[in-house]
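Worksheet for the structure shown next.
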Amino acid sequence: MTLSIAHLGPPGTYAEQAAFFYVNWLKESQGVEAILFPYPTIAQSLQAVAQSQAQLAVVPVENSIEGSVSMTMDTLWQLDNLQIQLALVMPITHTLISCATSLDSIKTVYSHPQALAQCQGWLERFLPTVQLIPRNSTTEALQGLEQDLTTAAISSSRAAQLYNLPILASGINDYPENSTRFWVVSQNQAQAAHHFSSTSNSHTSLALSVPANVPGALLQILQVFAQLDINLSRIESRPTKRSLGEYLFFIDAEADLTALKMQSALPELKAGTEVLKIFGSYNVLPVSHQG
């Protein structure tokens with residue numbers, strides 16, 4: 001059996017690196033083969049799974065410096081038939097790639113908005129006057145560098161090797177322990193081969209909206225977790241996009257969905273929410289450094 005896995009492209013992105021690691025892990029642990037399919041945006045890679053064009057997607061969800069990836073959050077909320085199967089945590093080391101002869105020649109730097117933000121301090125120190133232009137991915141940012149010697153891109157060393165482009169500076173992310181968490185996502189009705197043999201999962205992710213923006217609405221939800229001694233490793237708000245001041249809340253709980261305390265929490269959560277979406281339970285797998 002061969003699985004199809006969607007990820008943010010073009011080839012050379014950090015999402016592809018995480019997907020490669022996952023493919024190797026699948027092969028070694030389960031004997032399952034997989035083929036990678038790049039998509040222009042994170043949303044399109046998730047939609048490919050929702051529309052059965054791919055069986056799995058590997059998408060970035062949170063960075064240790066810049067926080068959550070809003071496109072992943074928003075798309076998961078909009079789609080109704082996706083479930084998280086596994087989390088991958090991968091170290092991220094950024095490089096400045098350019099055909100320029102020196103930093104002094106660079107006038108423009110391209111990259112994914114997250115990468116630009118993760119290198120903000122370095123850019124302010126060494127390239128304070130350059131124009132920063134966002135791209136859909138760190139690999140898309142490489143396009144046109146050979147034609148314009150005043151441009152540079154922030155991407156991975158692997159991408160530089162893949163496209164045969166010179167690296168001007170390495171390790172330019174502001175914090176050396178920079179890492180990104182990725183989710184492996186499938187449809188609800190994923191086949192048994194997509195699931196994992198562990199009998200217990202460490203995390204459950206969910207999202208919810210409250211019926212009205214009234215005092216205590218979120219507190220009521222949080223008290224459910226506190227009273228049942230369920231630790232939350234992340235809680236974040238995102239706009240509902242319906243009205244200013246209305247928010248969704250994304251929550252990561254450190255408990256398996258099948259655990260008694262989570263099963264006790266669900267009825268209380270449903271009673272206090274307008275919409276409650278359970279994205280699934282999963283374990284977290286560290287990814288070896290990919291460059």
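All values derive from a computational prediction rather than experimental measurement. Nothing fancy with the numbering, it's 1 onward along the sequence.
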Practice task
Without swapping roles, check the side chain of Asp252 against the backbone of Ser205 for a donor-acceptor pair under 3.5 Å.
Solution key: no

Problem - Side-chain ion pair, Asp74 and Arg238, N-O less than 4.0 Å - result: yes

Problem - Asp80 vs Lys277, side-chain contact (heavy atoms from CB on, under 4.5 Å): CA-CA, chis, key distance, verdict - result: CA-CA 8 Å; Asp80 291 326; Lys277 290 193 174 187; 2.8 Å; yes

Problem - Donor-acceptor under 3.5 Å (Asn173 side chain, Tyr175 main chain) - result: yes

Exercise for the section: Begin with the C-alpha distance, continue with both residues' side-chain angles, and end with the deciding distance and a verdict on side-chain contact (heavy atoms from CB on, under 4.5 Å) for Thr108 and Val130. Expected result: CA-CA 5 Å; Thr108 309; Val130 299; over 6 Å; no

Problem - Leu218 side chain reached by Ile235 side chain, heavy atoms, under 4.5 Å - result: yes

Completion exercise
Residues Ala141 and Arg135: closest non-hydrogen pair is CA-CG, 3.9 Å

Practice task
Find the distance between CD (Glu16) and CD1 (Ile5) and round it off to the nearest 0.5 Å.
Solution key: 11.5 Å

Handout entry: Side-chain donor-acceptor contact under 3.5 Å, Gln44 with Thr41
Key = yes

Problem - Minimum-distance pair of heavy atoms, taken over all atoms of Pro38 and Gly9 - result: CB-CA, 3.7 Å

Problem - N/O donor-acceptor pair under 3.5 Å between Ser233 side chain and Glu254 backbone - result: no

Exercise for the section: Say whether Phe37 and Leu56 are linked into one hydrophobic cluster, either directly or through other cluster members, by side-chain heavy-atom distances under 4.5 angstrom. Expected result: no

Exercise for the section: Report whether Val69 and Phe249 are members of the same hydrophobic cluster (ILVMFWY, side-chain heavy atoms less than 4.5 Å apart, transitive linking). Expected result: no

Practice task
Compare every heavy atom of Leu142 with every heavy atom of Ala159, then report the nearest pair and how far apart it is.
Solution key: CB-CD1, 3.9 Å

Problem - Non-neighbouring partners of Lys27 that pass salt bridge (charged side-chain N to carboxylate O under 4.0 Å, His left out), sequence neighbours left out - result: Glu33

Exercise for the section: Answer yes or no: is there a side-chain heavy-atom contact under 4.5 Å between Asn201 and Asn283? Expected result: yes

Exercise for the section: Please examine the side chains of Leu127 and Leu103, heavy atoms only from C-beta on, and report whether any two atoms are closer than 4.5 Å. Expected result: yes

Practice task
Is it possible for you to say whether Met262 and Phe279 belong to one hydrophobic cluster, with membership spreading through side-chain heavy-atom contacts below 4.5 Å?
Solution key: no

Handout entry: Closest non-hydrogen atom pair, Thr139 against Pro11
Key = CG2-O, 2.9 Å

Problem - Sub-4.5 Å side-chain heavy-atom contact between Glu62 and Phe250 - result: no

Exercise for the section: Working to the nearest 0.5 Å, report the span between CD1 of Ile278 and CG of Leu206. Expected result: 4.5 Å

Practice task
Identify the two heavy atoms, one from Ser209 and one from Trp77, that lie closest to each other, and give their separation to 0.1 Å.
Solution key: N-CH2, 4.1 Å

Problem - Any donor-acceptor N or O pair under 3.5 Å, side chains Gln187, Ser52 - result: yes

Practice task
Determine yes or no for a side-chain-to-main-chain donor-acceptor pair under 3.5 angstrom, with Thr72 supplying the side chain and Pro60 the backbone.
Solution key: yes

Practice task
Answer yes or no: is there a side-chain heavy-atom contact under 4.5 Å between Leu257 and Gln263?
Solution key: yes

Exercise for the section: Look at the side-chain heavy atoms of Ile, Leu, Val, Met, Phe, Trp and Tyr, link any pair under 4.5 Å apart, and say whether Phe20 and Leu86 land in one connected group. Expected result: yes

Completion exercise
Residue pairs meeting side chain to side chain donor-acceptor pair (under 3.5 Å), one or both in residues 114-123, sequence neighbours left out, come to Asn63-Gln118, His94-Gln118, Gln114-Gln118, Gln118-Asn178, Gln120-Glu124

Problem - Trace of the side-chain contact (heavy atoms from CB on, under 4.5 Å) decision for Ile221 with Leu269 - result: CA-CA 6 Å; Ile221 299 300; Leu269 292 174; 3.7 Å; yes

Practice task
Would you give the length of the straight line joining atom OG of Ser98 to atom CD1 of Ile167, rounded to the nearest 0.5 angstrom?
Solution key: 11.5 Å

Exercise for the section: Check whether any side-chain N or O of Ser111 sits under 3.5 Å from a backbone N or O of Leu116 as a donor-acceptor pair, and report yes or no. Expected result: no

Handout entry: Donor-acceptor under 3.5 Å (Tyr14 side chain, Thr93 main chain)
Key = yes

Handout entry: Which atom of Ile106 lies closest to which atom of Ala100, heavy atoms considered
Key = CG1-CB, 4.0 Å

Practice task
Give a yes or no answer on whether the side chain of Lys270 reaches the backbone of Leu276 with a donor-acceptor pair at less than 3.5 Å.
Solution key: no

Exercise for the section: Calculate, to the nearest 0.5 Å, the distance between atoms CD1 and CG belonging to Ile251 and Leu232 respectively. Expected result: 6.0 Å

Practice task
State whether a side-chain donor-acceptor pair under 3.5 Å links Ser4 with Gln55.
Solution key: yes

Handout entry: Tyr22 side chain reached by Leu285 side chain, heavy atoms, under 4.5 Å
Key = no

Practice task
Take atom NZ of Lys107 as the centre, draw a 6.0 Å sphere, and report whether it contains more than 12 heavy atoms from other residues, nucleotides or ligands.
Solution key: no

Exercise for the section: Any chance you could measure Ile84, atom CD1, to Tyr282, atom OH, to the nearest 0.5 Å? Expected result: 5.0 Å

Handout entry: Heavy-atom check, side chain of Arg181 versus side chain of Val89, under 4.5 Å
Key = yes

Problem - Common cluster, Tyr110/Tyr163, ILVMFWY with side-chain heavy-atom separation under 4.5 Å - result: no

Fill in the blank from the handout: Separation between OG1 (Thr13) and NE2 (His112), nearest 0.5 Å, reads 10.0 Å

Exercise for the section: For the residue pair Ser202 and Val284, establish whether any side-chain heavy-atom pair is separated by less than 4.5 Å. Expected result: yes

Practice task
Report yes or no: does Gln131 contribute a side-chain atom to a donor-acceptor pair with the main-chain N or O of Val109 at less than 3.5 Å?
Solution key: no

Scan the side chains in residues 145-152 for donor-acceptor partners under 3.5 Å anywhere in the protein, sequence neighbours excluded, and list what turns up.
residue : atom : partner : partner atom : Å
Asp148  : OD1  : Thr150  : N            : 3.0
Asp148  : OD1  : Thr150  : OG1          : 2.7
Thr151  : OG1  : Asp148  : O            : 2.8

Practice task
Determine yes or no for a side-chain-to-main-chain donor-acceptor pair under 3.5 angstrom, with Ser45 supplying the side chain and Leu8 the backbone.
Solution key: no

Practice task
Ignoring hydrogens and angles, tell me if any N or O in the side chain of Thr204 forms a donor-acceptor pair with the backbone of Ala255 under 3.5 Å.
Solution key: yes

